[in-house]
Amino acid sequence: MNFRPLHDRVLVERIEAEEKTAGGIIIPDTAKEKPQEGRVVAAGAGAKADDGKVTPLDVKAGDRILFGKWSGTEVKVDGKDLLIMKESDILGIVE
């Protein structure tokens, strides 16, 4: 892929939610919500401060993250549906 996020932007691939509940009930596509969990595909160099100093991001490619329901902008890169969001839209890293 030839895409590199700039500054404090992060490229995220959604991790699909389970198709069944814990009790074994299959959830139809029409009832599913978009997952709020993803994997960082690429990350920018960091945010620039007013003095020109770059603050590196806390996330890196491969991190599993949680983000808000309405976070990011949906894009299609190399046929994949991905999200571009600011690091501030990320709620946390799943370890």
Side-chain angles (χ1 to χ4, degrees):
M1 168 177 27
N2 294 325
F3 183 84
R4 181 175 53 98
L6 298 176
H7 308 295
D8 64 338
R9 301 276 198 283
V10 178
L11 186 65
V12 176
E13 180 178 21
R14 287 185 194 269
I15 296 174
E16 292 303 318
E18 291 292 323
E19 303 266 328
K20 290 184 187 180
T21 65
I25 298 171
I26 297 174
I27 303 169
D29 288 339
T30 55
K32 287 185 192 173
E33 289 191 23
K34 289 185 178 180
Q36 297 172 333
E37 190 172 343
R39 184 180 54 83
V40 176
V41 176
K48 279 190 181 179
D50 292 335
D51 62 359
K53 191 175 181 181
V54 176
T55 306
L57 300 181
D58 290 330
V59 297
K60 61 188 179 308
D63 283 349
R64 192 170 171 172
I65 60 166
L66 295 177
F67 50 88
K69 184 180 272 190
W70 308 111
S71 298
T73 302
E74 293 183 357
V75 295
K76 192 169 269 231
V77 178
D78 291 340
K80 290 184 179 179
D81 290 325
L82 303 173
L83 290 167
I84 297 175
M85 64 181 68
K86 288 189 162 214
E87 185 186 36
S88 60
D89 291 338
I90 297 172
L91 303 175
I93 300 171
V94 178
E95 296 182 346

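These numbers come from the heavy atoms of this one structure, side chains and all, not from hydrogens, waters or symmetry mates.
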K.L.:
Is there side-chain contact between Phe3 and Val41, with at least one heavy-atom pair below 4.5 Å?
P.N.:
no

K.L.:
Are Ile93 and Leu83 connected in the hydrophobic side-chain network, where two residues link if heavy atoms are under 4.5 Å apart?
P.N.:
yes

K.L.:
Ignoring hydrogens and angles, write down the donor-acceptor pairs under 3.5 Å from the side chains of residues 50-65, residues two or more places apart or on other chains.
P.N.:
| from | atom 1 | to | atom 2 | distance (Å) |
| --- | --- | --- | --- | --- |
| Asp51 | OD1 | Lys53 | N | 3.0 |
| Lys60 | NZ | Asp63 | OD1 | 3.2 |
| Asp63 | OD2 | Lys60 | N | 3.0 |
| Arg64 | NE | Glu37 | OE2 | 2.3 |
| Arg64 | NH2 | Glu37 | OE2 | 2.5 |

K.L.:
Measure across Pro5 and Val10 and return the closest heavy-atom pair with its distance rounded to 0.1 Å.
P.N.:
CB-N, 4.3 Å

K.L.:
Drop me the distance from Lys76's NZ to Asp81's CG, to the nearest 0.5 angstrom.
P.N.:
4.5 Å

K.L.:
Gln36 versus Leu66: any side-chain heavy-atom pair under 4.5 Å?
P.N.:
no

K.L.:
Which value, rounded to the nearest 0.5 Å, describes the distance between Glu74 atom CD and Ile84 atom CD1?
P.N.:
11.0 Å

K.L.:
How would you list, by chain and number, every residue that makes a side chain to side chain contact (heavy atoms under 4.5 Å, CB included) with Asp89, sequence neighbours excluded?
P.N.:
Ser71, Met85, Lys86

K.L.:
Is there a path from Val40 to Leu91 through hydrophobic residues (I, L, V, M, F, W, Y) whose side chains come within less than 4.5 Å of each other?
P.N.:
no

